[in-house]
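Report on the following structure.
Ligands are counted one by one from 1 in listed order, and the atoms in each one are counted from 1 as well.
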Amino acid sequence: MEFFQHVVIIGVGLIGGSMGLALRRAGYSGRIVGVSREKTVATAVELGAIESGYTYEQIEEALPGADLVVMCTPIQHILDYLPRVLETVDPGTLVTDVGSTKRRIVETAADVGRDDAFFIGGHPMAGSEKSGVNAADPFLFQNAIHILVPDDKAPQEHHQALRELLRGIGARVMELSADEHDTVVAAISHLPQLMATSLVEMVGRMDEQAGDGHFLSLAAGGFRDLTRIASSSFPMWRDICATNSDRIEAMIAQFVATLRVVGGNVGSEVLEQDFDFANRVRDTIPRDAKGFIHKLSEILVVAEDRPGVIAEIAGALAALEVNINDIEVMKVREGEGGTLRLGFDHEEAAERALAILNDLGHRARRP
Ligand code: NAP
């Protein structure tokens, strides 16, 4: 982590602010300087995300002396500022970013053509529906996959140092080419966003036309769960769609074709094969929302319906230093309690948790 002694974060919002807080929390002792609007800089200093800051107009003053620059503004802003940043930084400086699409950003960096300052693109698969530095969270990157796009021009020691820094703040580093990244995120993030948006739009318009509110009043269960991301705010998605439109369009076409095939099976026994396949595949998807690279080791605990039961379970494990990496309340019915799914980083931790909770009289088992 100490390979870098002077970090500059450009755009101290949710991701940039969280980066600063996470570095400090992880014990990083070098300088952390921000570049943002004056008001944002003041808030970020107050929150401890950065120690001092500059405005965008002063960006040239902020960069000398930096050995790592992390660009955390919206994608279009990264594209606009990246050439200036790469041209201004000292020789040997590593620049990275957190933008949600990678091809355009990586191409923009390569076009600068500087060979004594380096760029390694990045994308933390962590976020929140909130934005701005006030929503910054030192734990945001914990257990979250952070994709890096390796670059041959950047020395191995810079790759290694960046990986170490990210691991230091709890991230799980995965390397992909920009091309692979943009295809995968088109399938698992961009297509679902547009599906949720269009599904809610379709049902919302039907509800408006019917005028009796029946569609939406009955949508509280599965429909609401499935379409949670339809609440995403547009500005970030405008940039994502603008910089990955070819992959998104291809993914939509593929989805429409699949929907037609599955739709064609409606009313036939063959539909069962679609369900079987989807059931099997979905079971293999890591459950953690942040996308664990390796699956967590899990246990299931039956929790009685009484105040403090979750605190009791978590407290018992914490007292014996067993760290819970993920927790999900699977089903709760009033008066009947529910089942908690606890995820652990290692098999050994899961086994210890099982023993501890069973000793305390909780009904715990492996799934
Ligand atoms: P955010 O909370 O809105 O922060 C963005 C920061 O960029 C703001 O603090 C703002 O700082 C600055 N900024 C400069 N020009 C801006 C403009 N035209 N519009 C809005 N803000 C501007 O957003 P974020 O969630 O941290 O996202 C930042 C980057 O992370 C984006 O590139 C996004 O693709 C990527 N990302 C986001 C998520 C997520 O779920 N949120 C996940 C992974 C990656 P000032 O206040 O100083 O203007």
Please list, in number order, the atoms of ligand 1 under 4.0 Å from a heavy atom of [X].
{"X": "Ser36", "value": "11 (O), 45 (P), 47 (O)"}
{"X": "Val12", "value": "9 (O)"}
{"X": "Ile75", "value": "32 (O), 34 (O)"}
{"X": "Pro124", "value": "42 (C), 43 (C)"}

Would you call [X] and [Y] a salt bridge, using N to O less than 4.0 angstrom?
{"X": "Asp116", "Y": "Arg114", "result": "yes"}
{"X": "Lys102", "Y": "Asp179", "result": "no"}
{"X": "Arg352", "Y": "Glu347", "result": "no"}
{"X": "Arg104", "Y": "Asp239", "result": "no"}

Looking only at distances, can you tell me whether any N or O atom of [X], backbone or side chain, sits closer than 3.5 Å to an N or O atom of ligand 1?
{"X": "His123", "result": "no"}
{"X": "Gly132", "result": "yes"}
{"X": "Gly13", "result": "yes"}
{"X": "Met236", "result": "no"}
{"X": "Ile15", "result": "yes"}

Is it the case that the side chains of [Y] and [X] hold a donor-acceptor pair, with the cut-off being a distance below 3.5 Å and no angle test?
{"X": "Glu164", "Y": "Gln160", "result": "yes"}
{"X": "Arg103", "Y": "Asn244", "result": "yes"}
{"X": "Thr197", "Y": "Gln193", "result": "yes"}

Looking only at protein heavy atoms, identify the closest one to [atom] and say how far it is in Å.
{"atom": "atom 31 (C) of ligand 1", "result": "Thr73 O, 3.4 Å"}
{"atom": "atom 44 (C) of ligand 1", "result": "Val98 O, 3.1 Å"}
{"atom": "atom 28 (C) of ligand 1", "result": "Cys72 O, 3.1 Å"}
{"atom": "atom 41 (N) of ligand 1", "result": "Leu14 CD2, 3.7 Å"}
{"atom": "atom 34 (O) of ligand 1", "result": "Ser100 OG, 2.7 Å"}
{"atom": "atom 14 (C) of ligand 1", "result": "Tyr56 OH, 3.3 Å"}
{"atom": "atom 42 (C) of ligand 1", "result": "Ala126 O, 2.9 Å"}
{"atom": "atom 19 (N) of ligand 1", "result": "Pro74 CG, 3.7 Å"}

Would you list the pairs meeting ring-ring contact (aromatic ring centres under 6.0 Å, His included) in which at least one residue belongs to residues 208-234, sequence neighbours left out?
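Output for this query is empty, none listed.
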How about His181 and His123: are their ring centres within less than 6.0 Å of each other?
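Yes; His123 has its ring centre under 6.0 Å from that of His181.
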Heavy atoms only, cut-off 4.0 Å: how does [X] contact ligand 1, side chain, backbone, both, or neither?
{"X": "Asp239", "value": "neither"}
{"X": "Ala135", "value": "neither"}
{"X": "Thr40", "value": "side chain"}
{"X": "Arg37", "value": "both"}

Do Arg280 and Phe277 meet the cation-pi criteria used here (NZ or CZ under 6.0 Å from the six-membered ring centre, within 45° of the axis)?
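Relative to the ring axis of Phe277, which defines the angle, Arg280 lies outside at least one limit.
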Return yes when Pro235 approaches ligand 1 closer than 4.0 angstrom through a heavy atom, no otherwise.
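No, Pro235 has no heavy atoms under 4.0 Å from ligand 1.
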Is there a side-chain contact between Ile248 and Cys241 (heavy atoms, below 4.5 Å)?
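Contact flag for Ile248/Cys241 side chains = yes.
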Report yes if some heavy atom in the side chain of Asp97 is under 4.5 Å from a heavy atom in the side chain of Val70; otherwise report no.
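Not touching, per the 4.5 Å side-chain cut-off.
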Non-neighbouring partners of Val270 that pass side-chain contact (heavy atoms from CB on, under 4.5 Å), sequence neighbours left out:
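side-chain contact (heavy atoms from CB on, under 4.5 Å) check on Val270 returns Asn265, Ser268, Gln273.
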